[in-house]
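Have a look at the structure below before the remarks.
Just so you know, these numbers come straight off a predicted model, no measurement behind them. Note on naming: letters A, B, ... go to the chains in the order of the sequence lines (proteins, then strands), and numbering restarts at 1 for each one.
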2 protein chains.
Amino acid sequence: MRRCSLVAVGDELLDGRVADTNSDFLSRELLSLGLEIVLRAEVGDDLEDIASVLDCALELSDLVVVTGGLGPTDDDLTREAAARALGVPLVRDPEAEEALRSFFSRLGRDMSPSNARQADILQGAERIPPRLGTAPGQWLERDGRVLVLLPGVPREMEDMMTEDILPRLRGRLASAPERRSACMLVAARPESEVGEAVSTALRDLQGVEVSYRAMGGQIEVRLTSQSGELLEEARRRVKRALDGWVVAEGGETLEESLGRELRARGLTLALAESCTGGMVGERITRVPGSSDYFRGAVVAYDYRAKEELLGVDRGLLEEKGAVNEEVAEAMARGARERFASHLGLSITGVAGPGDGGEKVEVGTVVVGLAGGFGSRAWRYRLPGNREMVRVYASTLALALLYFHLRQGGGGGGS
Amino acid sequence: MRRCSLVAVGDELLDGRVADTNSDFLSRELLSLGLEIVLRAEVGDDLEDIASVLDCALELSDLVVVTGGLGPTDDDLTREAAARALGVPLVRDPEAEEALRSFFSRLGRDMSPSNARQADILQGAERIPPRLGTAPGQWLERDGRVLVLLPGVPREMEDMMTEDILPRLRGRLASAPERRSACMLVAARPESEVGEAVSTALRDLQGVEVSYRAMGGQIEVRLTSQSGELLEEARRRVKRALDGWVVAEGGETLEESLGRELRARGLTLALAESCTGGMVGERITRVPGSSDYFRGAVVAYDYRAKEELLGVDRGLLEEKGAVNEEVAEAMARGARERFASHLGLSITGVAGPGDGGEKVEVGTVVVGLAGGFGSRAWRYRLPGNREMVRVYASTLALALLYFHLRQGGGGGGS
């Protein structure tokens, strides 16, 4: 097995509403197994169109992975199209039907007839039970080729790919030369600087490929090689070159590595958020068990809340505005005191499009940190629109706290 | 001419090096002409593969636009593949060859034999002379279908598309009917129920297409038709069928339509979040100008914060746990009082994977709402993993508040 095709199904992928991030994810995963992608296709919710594209993909490839079109509504046609392309019937799987029925009964609801369509399986296919959602996946082998059907909801697809499909593929590929990869997340540095530092570090090293992915103020640096030794050498060099800017490694997220550092030091954290509106708290609490170190947050969107809930001096706000180092530090101290945590982290800034009456440029963000050591603040000017400024700002706040802890900052006593 | 396919050629599009921004550009341009994209495909530099994909694209569409593979090197195979797919020969165009020769002589260089391949044109095709670069484009009409070949370098492609291809397409489309669409967002209802209600409502209506997209507890229902009257009739019927479950229309988000309702009534809102960790606040503040109605939030992740920052009775928490109607209402009242807002909205629940010591099933979420009218609460059992429960819960809270306002609930005095 070597040649793979990816087919993503859904009108929303073709009319400009949604980018096909599923195929991006699948592409990375399959490439990291050393497989080759020969075709990527996005096709609308049309039975004939899907069947034609599947025909073409099956002709060109050893493995075809299809995402989307497995839902319960009339426009979910991947099952029928695959049956037509392969010339096999669909059969209703009693176990799948029972699993659907019990899914709905756990929610206190009856299963509708259209939901039962989700239990239709290609004859000869193995059903992959869903852990999330209601759409089962399918794995069908025919004439040495493999067709995989996955749900289109990204989380459901990623879960099934990671837990069910990749292990099967690894098993099949066990004898083929393996490609290994190593991953690092870098924050608070522009992509061009990261790229140059990595290129310089790897200049005389053959047999290692590098790829980059920018995501919300973080850059994922992925190194791939067929040699474990080369990969380790490259990883060491890149890590040295990027020095203090690596925030996570080996597939960990920034939120997870920050949580690990806090837990290891027995420190608790509280937040005071302004322009991010709760995004930093949302990100920290993505990690199961974050209640061990996360106490809570105050989202103070106006002066009054900053004064009354965080104890920021009203005179200071009136005089200097909300976006400055003194206010950021006062907010961080306020959060720390209100929640009786070791550390307080704050963000104040202007995400745009307007300046909200603050006398600073749109994109100005100040991050504050308070602990037993006192308090400090960092000012940044971030590019992009409202959403980008908010995402970048929350990444910066998390990264700055992470760097503080790694540099031995700790809570500084309480 | 209505159905279009985009085919992008190049290994770099499939091995993770480069995103296919050419197809993004072409897609926007063709959609803005009212055309429909039925297939997007990326294929590597392989003669057989390209020919197979072109076969499929030509079968499905009235217009196929191919980008890339028109250069002078051995791996530029689009011309040969198109010739094979169509069963027509390539002929060397003397004018194109002369244009290439003079291009190189202006640079003081001889034309290499491989460059001469760029003068090979599909028999019967019109050559589009390049203003930038050396690769001519091609426009071929056959059996009422159009095949367009464009260079892969983005600015060469964009120049040729804008200056040469779009004017030709506009000419052809001048008389063709336009397709319009209408969009609705539905929340707090399972996709299968929505699908059945819509199918029933549109049963005897021909000429309207429906598509669905599930996203974080919301379902986007999109209606498309060539007739404005039919579309409006369908929109009215669907809206009636979905009754009170529509949370936004016409491309608005739930966060925007909720903000509009709050602003129209002059109401302010504060939040008390537990398991969502700040997600509801983050979503509300995605909307520019949300500071007009959003006061802030307390993220209270443990009992102590619920007691001290929101005034929830400690005895109640000890006795009944954090996930119940009384606590949710107390949290909502607490947020309303602390921020002196008209309305307080709360979420408490267990997102998993563990139950965090609460004696309820993972996925149990209670939403509370407080206003001058008093307070009320709703209990739900949500499916999926931690992330899904949190996203669904925040959607539910926003939708329940929206429904409350639409049903005339208002702030109920202050």
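- For a residue to count as touching a neighbouring chain, one of its non-hydrogen atoms must lie under 4.5 Å from one of that chain's; by this rule B:R286 touches chain A with backbone and side chain alike.
- Ion pairing between A:E282 and B:R390 holds under the 4.0 Å rule for side-chain N and carboxylate O.
- A:E156 touches chain B through its side chain: at least one heavy atom from C-beta onward sits under 4.5 Å away, while N, CA, C and O do not.
- Neither the backbone nor the side chain of A:A270 comes within less than 4.5 Å of any heavy atom of chain B.
- Using a 4.5 Å cut-off between heavy atoms, A:V287 contacts chain B through its backbone alone, with no side-chain atom that close.
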Problem - Verdict with supporting geometry, B:M388 and A:L132, side-chain contact (heavy atoms from CB on, under 4.5 Å) - result: CA-CA 9 Å; B:M388 289 165 77; A:L132 315 171; 3.7 Å; yes
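- Neither the backbone nor the side chain of A:P130 comes within contact range of chain B; no heavy atom of the residue lies under 4.5 Å from a heavy atom of that chain.
- Taking chain A as the reference chain and counting heavy-atom pairs below 4.5 Å, the highest number among B:C56, B:A300, B:G384 is found for B:C56.
- When atom types are taken as modelled, the side chain of B:R304 and the backbone of A:F339 share no donor-acceptor pair closer than 3.5 angstrom.
- The contact between B:E220 and chain A is made entirely by side chain atoms (from C-beta outward), counting heavy-atom distances below 4.5 Å.
- Heavy-atom distances place the side chain of B:E308, and not its backbone, under 4.5 Å from chain A.
- A side chain to side chain donor-acceptor pair (under 3.5 Å) with B:S192 holds for exactly one of A:T73, A:T134, A:N115; it is A:N115.
- Nearest heavy-atom pair, A:L39 versus B:V53, reported as atom, atom and distance to 0.1 Å: CD1-CG2, 3.7 Å.
- Interface remark: A:R155 contributes side-chain atoms only to the contact with chain B (heavy atom separation under 4.5 Å).
- In this structure, chain B has a heavy atom under 4.5 Å from the backbone of A:T276, while its side chain stays farther away.
- The candidate with the highest count of non-hydrogen atom pairs below 4.5 Å against chain B, out of A:L30, A:D159, A:D11, A:L107, is A:L107.
- In this structure, B:R386 contributes its side chain and A:T285 its backbone to a donor-acceptor pair below 3.5 Å.
- Looking at B:A351, neither its backbone nor its side chain comes within 4.5 Å of chain A, counting heavy atoms on both sides.
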Practice task
Would you please test B:R40 and A:D20 for side-chain contact (heavy atoms from CB on, under 4.5 Å) and show each step?
Solution key: CA-CA 11 Å; B:R40 256 183 80 150; A:D20 176 19; over 6 Å; no
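- Only the side chain of A:R109 comes within contact range of chain B, with at least one heavy atom under 4.5 Å from a heavy atom of that chain.
- In this structure, the portion of A:V18 lying under 4.5 Å from any heavy atom of chain B is its side chain and not its backbone.
- If you measure heavy-atom distances from B:Y392 to chain A, the contacts under 4.5 Å come from the side chain alone.
- Contacts of A:E12 with chain B are made by side-chain atoms alone, with heavy-atom separations under 4.5 Å and no backbone atom involved.
- A salt bridge links B:R3 to A:D49: at least one charged side-chain nitrogen sits closer than 4.0 Å to a carboxylate oxygen.
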